[in-house]
Amino acid sequence: MSPFINEKCKKEGNGRTYKKKDGFAPIFAYIGQEGYLLGVEFRRGEQHCQKGTPDFLRMLIRTARQITDAPLLFRLDSGNDAAENVGIFMEECYRGNNVHFIFKRNDRGRVDYYAFLEEVRNVCPDVVIPREGKMVFTGQTFRDVTYKVPNPTPERPERQSKKTVGIRTIYQIAERTIDKHGQHLLPPSLEADIYYCNIGLPDSRIIELYHEHGTMEQYHSEIKTNMGCELLPSGKFAVNSMILHLVQIAYNVLRLIEQKSLSWWNTVKTKRPVQRRRLSTVIKNVICAPALIKTHARKVLADLGKSNIWAGNIMWLARTLAPMRATRL
């Protein structure tokens, strides 16, 4: 979820977001290392991030399976720590659908991390002392999660049964008895992160995979700033929802151009290898490239100029992404 701040307006659905500002609270889902936008849902500003998320997750699984048969990994933040979400992923696994998940635990202020540390201190397999007065404990345990499974009958189509499963829980607790300035702390300071997952990877790798999803914040920034879509134009909620879905199409097209352009830049000698470009670079140098339109020999030509270093890239993109001409019957 990435809130769109729209203050001092009376647009339909405009409400107080979790950032304490008025706006909207759309939810986004990206797929692949490239960051293509798989799904988007426009929401009211005051709507909680978990409300409507189960149906959104089911839609994402169906959409992703139309694209690829590869294993899917869903990474969600602590706002989506709910048994219903766990049930969706576990039921997909029981059906043979290769779906995995990692999401951060939301302690909701009810977890005593001092007691939790005493339980795992003597059994923790990975203890690191990066400096004097700081110890980092990394390990795993299991937690029972009970979720509702639809079990309809002709007499009661709404009937639901409950199922309990053991979920792998990864923890990383940093205990500080001395802060970085040399000040002794009494009692010790604790910083704990707990993750739920169903992947058979090492503990440290699972934590890395969750932290890598922070890249999507850059994708949010590109949609809101580079594409200028944060301030929605209409006062009607349904119209703004339609516009956001059109933004999804435009975003994926720009992302495709950006990925294709990297193939051309890899053939050019640069100071350092180019791995990714922001959409603002694509819009500025490809979409809005200056050109002089000429007519010669019954042809319309676009002169990009000799000093434009993007000229070769634009021509290569034009040949690569040009639509096929319709065959005349």
Side-chain angles (χ1 to χ4, degrees), residues 1-3 5 16-21 23 25 27-28 30 46 48-50 53 73-86 89 100-146 164-221:
M1 177 180 291
S2 180
I5 305 302
R16 202 69 170 175
T17 66
Y18 70 90
K19 287 193 173 182
K20 309 301 181 182
K21 294 184 178 180
I27 187 172
F28 301 89
Y30 303 92
E46 66 275 5
H48 190 272
C49 61
Q50 177 58 23
T53 297
L73 172 61
F74 285 82
R75 294 180 288 197
L76 299 90
D77 59 16
S78 58
N80 299 116
D81 177 11
E84 188 174 2
N85 295 342
V86 175
F89 297 129
H100 306 283
F101 66 88
I102 301 175
F103 56 85
K104 194 173 182 179
R105 178 176 181 175
N106 187 353
D107 58 13
R108 297 176 174 87
R110 298 194 296 262
V111 179
D112 186 359
Y113 287 113
Y114 290 96
F116 183 76
L117 178 59
E118 292 302 322
E119 294 179 4
V120 303
R121 184 187 295 273
N122 297 326
V123 297
C124 183
D126 185 5
V127 181
V128 179
I129 305 177
R131 62 170 176 83
E132 183 183 1
K134 179 180 179 181
M135 299 179 66
V136 180
F137 301 84
T138 304
Q140 71 169 1
T141 181
F142 288 89
R143 177 198 176 195
D144 291 336
V145 176
T146 302
T164 301
V165 294
I167 300 298
R168 185 184 178 192
T169 304
I170 308 298
Y171 61 85
Q172 187 175 63
I173 305 176
E175 181 186 30
R176 295 179 177 87
T177 56
I178 304 175
D179 64 10
K180 62 181 179 180
H181 303 293
Q183 176 66 45
H184 289 260
L185 303 175
L186 188 67
S189 173
L190 292 185
E191 181 180 346
D193 292 324
I194 301 178
Y195 309 91
Y196 297 139
C197 66
N198 62 341
I199 313 176
L201 295 176
D203 303 338
S204 58
R205 181 53 184 159
I206 291 176
I207 296 175
E208 291 176 0
L209 284 173
Y210 180 82
H211 288 166
E212 288 175 1
H213 95 292
T215 309
M216 71 179 185
E217 297 296 336
Q218 300 180 20
Y219 304 147
H220 295 336
S221 175

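As the structure is a computational prediction, the values presented were derived from the model and not from experiment.
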* **Heavy-atom pair with the smallest gap, counting every atom of G79 and C49** => O-SG, 3.4 Å
* Structure fact -> Interatomic distance, NE2@H184 vs CG@D179, rounded to 0.5 Å, equals 9.0 Å
* Can you check side-chain hydrogen bond (donor to acceptor under 3.5 Å, both in side chains) on Q50 and D81, steps first, answer last? -> CA-CA 8 Å; Q50 177 58 23; D81 177 11; over 6 Å; no
* Aromatic plane relationship, Y30 with H220 - under 30° parallel, 30 to 60° tilted, over 60° perpendicular -> tilted
* Nearest-0.5 Å distance that lies between atom OH in Y196 and atom CD1 in I102 -> 14.0 Å
* Look up atom CD1 in I173 and atom CZ in F137, then write down how far apart they are to the nearest 0.5 Å. => 8.0 Å
* Please lay out, stage by stage, how I178 and E132 fare under the test side chain to side chain contact (heavy atoms under 4.5 Å, CB included). => CA-CA 7 Å; I178 304 175; E132 183 183 1; 4.3 Å; yes
* With side chains defined as the heavy atoms from C-beta onward, is the minimum distance between V136 and Q172 less than 4.5 Å? -> yes
* pair Y171-C124: side-chain heavy atoms closer than 4.5 Å -> yes
* So how far is it from K134 NZ to I129 CD1, rounded to the nearest 0.5 Å? -> 12.0 Å
* Structure fact -> Scanning both residues in full, the closest heavy-atom pair of P125 with T138 reads CD-O, 3.8 Å
* To do: Would you give the length of the straight line joining atom CE of M135 to atom CZ of R121, rounded to the nearest 0.5 angstrom?
  => 6.5 Å
* To do: Report the residue from I170, D193, D77, L76 that forms a side chain to side chain contact (heavy atoms under 4.5 Å, CB included) with Y210.
  => D77
* Would you sort out whether R105 and Y195 count as a side-chain hydrogen bond (donor to acceptor under 3.5 Å, both in side chains), showing the intermediate values? => CA-CA 6 Å; R105 178 176 181 175; Y195 309 91; over 6 Å; no
* Test log, rule side-chain hydrogen bond (donor to acceptor under 3.5 Å, both in side chains), inputs T146 and T164 -> CA-CA 4 Å; T146 302; T164 301; 2.9 Å; yes
* **Side-chain touch T169/Q140, heavy atoms, less than 4.5 angstrom** => no
Below 3.5 Å, can you tabulate the donor-acceptor pairs from side chains in residues 198-209 to any protein atom, sequence neighbours excluded?
unit_1, atom_1, unit_2, atom_2, d
N198, OD1, F101, N, 2.9
N198, ND2, V99, O, 3.4
D203, OD1, R168, NH2, 2.8
R205, NH1, E208, OE1, 3.2
R205, NH1, E212, OE2, 3.3

* Asked: Rounded to the nearest 0.5 Å, how far does OG1 of T141 lie from CD1 of I167?
  -> 12.0 Å
* Answer yes or no: are there more than 12 heavy-atom neighbours, outside E118 itself, under 6.0 Å from its atom CD? => yes
* To do: Locate the shortest heavy-atom distance separating L185 from R176; write the atom from each residue and the value.
  => CD1-O, 3.6 Å
* Walk me through it: do Y219 and F28 pass the test ring-ring contact (aromatic ring centres under 6.0 Å, His included)? => CA-CA 10 Å; Y219 304 147; F28 301 89; over 10 Å; no
* In sequence, state the C-alpha distance, the side-chain angles, and the governing distance for T17 and E46, and then conclude on side chain to side chain contact (heavy atoms under 4.5 Å, CB included). => CA-CA 5 Å; T17 66; E46 66 275 5; over 6 Å; no
* Non-hydrogen atoms of Y114 and P188 that approach each other most closely -> OH-O, 2.7 Å
* So, F74 versus F103, ring centres under 6.0 angstrom or not? -> no
